[in-house]
Amino acid sequence: MNPKLETVNLLRWIHFLAISFGSGAAVVALLLSGFEEGREDLQGLAATVWAKVVAWSFRVAVVAGIVLLAALIQNGQNPFKAGFYLHIKLTLVFILIGLSEMTPKALAVGKRGSALLVVVLFMAVAFTVFNKGLF
């Protein structure tokens, strides 16, 4: 048997990598924001990490996810009929992306609420995906 690289599997891998990088960096940026208090040399580091790593990772994940959906539909599958979980996931993801885009400005002024909410929303999305049978 000759192994081949399939488009769908490649897109899933890119999507997974982008999500992994973004979620890990989000936790790191949230932790860094706690260390910024009272340290002039660290001011703005969390916002920079978020803007450069987290935001771009989530953007790549969304683009890869959309292309993955298109590839699945082109292959004759309908992921939206597989269950209601995808609708919930997409709703949470678009809220997460919106908050993620606003978070660097909030972190720059020392507010961590949106960063924490992004991490919690990511956990909700992961729960939804890993427990598809519940939905």
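None of the values given here were measured: they were computed from a predicted structure. Here, residue 1 is the first one in the sequence, and each next residue gets the next number.
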Considering all heavy atoms, the nearest [X]-[Y] contact:
{"X": "Val49", "Y": "Ala25", "answer": "CG1-O, 4.3 Å"}
{"X": "Thr128", "Y": "Lys89", "answer": "CG2-N, 4.2 Å"}
{"X": "Ser114", "Y": "Ala106", "answer": "OG-CB, 3.7 Å"}
{"X": "Phe58", "Y": "Ser100", "answer": "CD1-OG, 3.5 Å"}
{"X": "Arg59", "Y": "Trp56", "answer": "NH1-CE2, 2.9 Å"}
{"X": "Phe21", "Y": "Ser57", "answer": "CB-OG, 3.7 Å"}

With a 4.5 Å limit on heavy-atom distance, are the side chains of [X] and [Y] in contact?
{"X": "Leu32", "Y": "Leu42", "result": "no"}
{"X": "Ile19", "Y": "Phe122", "result": "yes"}
{"X": "Lys111", "Y": "Lys105", "result": "no"}
{"X": "Leu30", "Y": "Val118", "result": "no"}
{"X": "Pro79", "Y": "Ile73", "result": "yes"}
{"X": "Leu107", "Y": "Pro104", "result": "no"}

State yes or no: do [X] and [Y] share one hydrophobic cluster built from I, L, V, M, F, W and Y residues joined by side-chain heavy-atom distances below 4.5 Å, directly or via other members?
{"X": "Val120", "Y": "Ile97", "answer": "no"}
{"X": "Val8", "Y": "Trp13", "answer": "no"}
{"X": "Leu99", "Y": "Val54", "answer": "yes"}
{"X": "Met102", "Y": "Leu121", "answer": "yes"}
{"X": "Leu72", "Y": "Leu90", "answer": "no"}

Kindly compute the distance separating [atom1] ([X]) from [atom2] ([Y]), expressed to the nearest 0.5 Å.
{"X": "Trp50", "Y": "Glu101", "atom1": "CH2", "atom2": "CD", "answer": "10.5 Å"}
{"X": "Phe127", "Y": "Leu92", "atom1": "CZ", "atom2": "CG", "answer": "11.5 Å"}
{"X": "Thr48", "Y": "Gln43", "atom1": "OG1", "atom2": "CD", "answer": "11.0 Å"}

#### Entry: Residue pair Thr7, Asn75: steps toward the side-chain contact (heavy atoms from CB on, under 4.5 Å) verdict
CA-CA 10 Å; Thr7 305; Asn75 286 345; over 6 Å; no
### Query
Sub-3.5 Å donor-acceptor pair from the side chain of His15 to the main-chain atoms of Ala64, do we have one?
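Such a contact is absent between His15 side chain and Ala64 backbone.
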### Query
Short question: side chain of Asn78, backbone of Phe80 - any donor-acceptor pair under 3.5 Å?
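Yes, the answer is positive, given that a donor and an acceptor are paired below the 3.5 Å cut-off.
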### Task
Could you tell me whether Glu37 and Arg112 have a side-chain N and a carboxylate O separated by less than 4.0 Å?
yes
